[in-house]
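Comments concern the structure below.
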Amino acid sequence: MATVLAIETSCDETAVAIVNNRKVCSSIVASQILVHQQYGGVVPEVASRQHLETINEAIAQALEQAQLDWEKIDAIAATSAPGLVGALLVGLTAAKTLAMVHNKPFLGVHHLEGHIYATYLSESTLNPPFLSLLVSGGHTSLIYVKGCGMYETLGQTRDDAAGEAFDKVARLLKLGYPGGPVIDKLAQQGNFQAFSLPEGKVSLPGGGFHRYDTSFSGLKTAVLRLVQQLEKDGGQVPVADVAASFQETVARSLTKRAIACALDYGLDTIAVGGGVAANSGLRKNLQAAAVEHNLRVLFPPLKFCTDNAAMIGCAAADHLSFGHTSPFTLSVESRLALTQVMKLYHPKS
Ligand code: KG4
Ligand code: ZN
């Protein structure tokens, strides 16, 4: 059972954690939200600079919180893809440097594999196969998890990611950034049946609709038209009702696809990951549908749904147990399919 120090800097959180296999010894997350809020979204240049300013302190805090010194660390890991290139470079360079200085193995980790591993932090007995529903600011996918590094993408979004849709709708409702948590809170005071919005289906060439893919850009446009119409009619826009109706539509769309996919592939467990896994509407819809279909649905605690380094360490520890380590020549990549995860590790001889 390896103890891993892991770093995550793919977007706007500077995160460092120490995990022992599936147990979290410490987890530090320094959010940059306040800095980016003034720009209405994440500014890549600003994110890199913030990571640089924060990373050393976050590493020191993670060691202190875990009450461990370098001797007790077996390996050092960092997210290497996908994400903002400049931001990723800060974490990856720090991890490589520490691994060289302390003479430890180094591992690059795929950010989405980390989100899948977040579930293990609270459900330590969970083992593949299972279905992962990944819903974050940049991704919306249904992944068949077969084992460590073994993934098949069964469904994905054709346009906006679920979190992106929340952020864009929040912006047009003038609710600020990031949109997910604000919409979630407002939706709880609104009537989700107030407005009927289109779910966004993906057509198949031979007719019919894709069972697992999602599309959220039409829904976003429908919300925009609805708000414009309500404004034109001269009344006050019932923001809570619009938020609730939008959230319900997203939650239903994701639930329907995840359940269909699990049933079709004979998988009895759905593990949800990514920032949108925090959403109360999605949790309610998916849990109810899972009970109805006799499936198990697992949500990590909120702090492990959004970006953190504990999930990265957990994935790295598992790879290490299979003898996977990364070359020091590994670089960052802004895009990398989950099916390409094994590219990050030394080829097996
Ligand atoms: O996984 P994450 O922290 O970062 C990425 O890897 O993208 O996800 C961030 C996304 C943002 O779009 C944010 O608006 C959304 O997750 N989010 C939520 C909630 N909390 C965060 N969306 C809906 N409801 C929430 N409660
Ligand atoms: Zn993420």
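Below, each value reflects all heavy atoms present in this structure, side chains not excepted, and no hydrogens, waters or symmetry copies.
When all heavy atoms are compared, the tightest approach of Pro105 to Ala99 is O-CB, 4.3 Å. Taking all atoms of both residues into account, the shortest heavy-atom contact from Ala162 to Thr140 is N-OG1, 2.7 Å.
Between the side chain of Ser141 and the backbone N or O of Leu134, no donor-acceptor pair lies under 3.5 Å. A donor-acceptor pair under 3.5 Å links the side-chain atoms of Arg22 to the main chain of Ser124, judged by distance alone. At least one donor-acceptor pair under 3.5 Å links the side chain of Ser26 to the backbone N or O of Ala62. Although no hydrogens or angles enter the test, the distance criterion places a donor-acceptor pair under 3.5 Å between the side chain of Thr249 and the main chain of Ser245. At least one donor-acceptor pair closer than 3.5 Å links the side chain of Ser31 to the backbone N or O of Ile33. Within the 3.5 Å criterion, the main-chain N or O of Lys23 finds no donor-acceptor partner in the side chain of Asn20. Not one N or O on the side chain of His139 forms a donor-acceptor pair closer than 3.5 Å with the backbone of Gly274. Glu113 places no side-chain N or O within 3.5 Å of a backbone atom of Val109 that could act as its donor or acceptor partner. In this structure, Asn308 contributes its side chain and Thr306 its backbone to a donor-acceptor pair below 3.5 Å. Side-chain atoms of Ser10 never come within 3.5 Å of backbone atoms of Leu88 as a donor-acceptor pair (strictly under, hydrogens ignored).
No side-chain N or O of Ser217 forms a donor-acceptor pair with one of Asp160 less than 3.5 Å apart. A donor-acceptor contact closer than 3.5 angstrom is absent between the side chains of His324 and Asp318.
When hydrophobic clusters are built by joining Ile, Leu, Val, Met, Phe, Trp and Tyr residues whose side-chain heavy atoms come closer than 4.5 Å, directly or via intermediates, Val272 is not grouped with Ile116. Hydrophobic clustering keeps Val29 apart from Leu121 (ILVMFWY residues linked when any side-chain heavy atoms are closer than 4.5 Å, directly or through intermediates). There is no path of hydrophobic side-chain contacts, each under 4.5 Å, that joins Met150 to Tyr117. A continuous path of hydrophobic side-chain contacts links Leu338 to Leu107 [ILVMFWY only; heavy atoms under 4.5 Å]. No continuous path of hydrophobic side-chain contacts links Ile28 to Met311 [ILVMFWY only; heavy atoms under 4.5 Å].
Surrounding CD of Gln38 are more than 12 heavy atoms belonging to other residues, nucleotides or ligands, all under 6.0 Å away. The number of heavy-atom neighbours closer than 6.0 Å to CE of Met100, taken from other residues, nucleotides and ligands shown, is above 12. Counting non-hydrogen atoms of neighbouring residues, nucleotides and ligands closer than 6.0 angstrom, the CG atom of Asn294 reaches no more than 12 such neighbours. In this structure, Asp69 places its CG atom where more than 12 heavy-atom neighbours from other residues, nucleotides or ligands lie under 6.0 Å away.
Exactly one of Gln50, Glu57, His51 qualifies for a side-chain hydrogen bond (donor to acceptor under 3.5 Å, both in side chains) with Thr14. That residue is His51.
Separation of atoms SG (Cys261) and CD1 (Ile270) is listed at 8.0 Å; rounding is to 0.5 Å. Atom CG of Asp264 sits about 10.5 Å away from atom CG of Leu131, to the nearest 0.5 Å. With rounding to the nearest 0.5 Å, the separation of CD in Gln61 from OG1 in Thr54 is 10.0 Å. Separating the CG atom in Leu154 from the OH atom in Tyr144 is a distance of 8.5 Å, to the nearest 0.5 Å.
Phe246 is listed as a side-chain neighbour of Leu219, based on a closest heavy-atom distance under 4.5 Å. For the pair Thr9/Thr79, no side-chain contact is recorded, criterion being any heavy-atom separation below 4.5 Å from C-beta on. The shortest distance between side-chain heavy atoms of Met342 and His110 does not fall below 4.5 Å.
Residues meeting the ring pair (Phe, Tyr, Trp, His ring centres under 6.0 Å) test with Tyr177, sequence neighbours left out: none. Under the rule for a salt bridge (charged side-chain N to carboxylate O under 4.0 Å, His left out), Arg296 has no partner lying at least two apart in sequence or in another chain.
Look at Lys104 and Asp74 and you find no salt bridge, because none of the NZ, NE, NH1 or NH2 atoms lies under 4.0 Å from a carboxylate O. Contact check on Glu199 versus Arg257 returns a salt bridge, with a Lys/Arg side-chain nitrogen under 4.0 Å from an Asp/Glu carboxylate oxygen.
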Intermediate values then yes/no, salt bridge (Lys or Arg N to Asp or Glu O under 4.0 Å), Lys146 and Glu152
CA-CA 8 Å; Lys146 297 176 177 178; Glu152 187 182 341; 2.8 Å; yes
Report the C-alpha separation of Arg49 and Glu53 in whole Å, then their side-chain angles, then the decisive distance to 0.1 Å, and conclude whether the salt bridge (Lys or Arg N to Asp or Glu O under 4.0 Å) test is met.
CA-CA 6 Å; Arg49 201 169 315 163; Glu53 281 174 16; 5.9 Å; no
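Using bins of under 30°, 30° to 60° and over 60° for the plane-to-plane angle, the ring pair Phe328/Phe106 lands in the parallel bin. Below 30°, between 30° and 60°, or above 60°: for Tyr212 and His210 the angle between ring planes is above 60°, a perpendicular geometry.
Cluster partners of Leu68, using a side-chain heavy-atom cutoff of under 4.5 Å among ILVMFWY residues and allowing indirect links, are Leu5, Ile7, Val16, Ile18, Leu52, Ile55, Ile59, Leu63, Trp70, Ile73, Ile76, Val90, Leu98.
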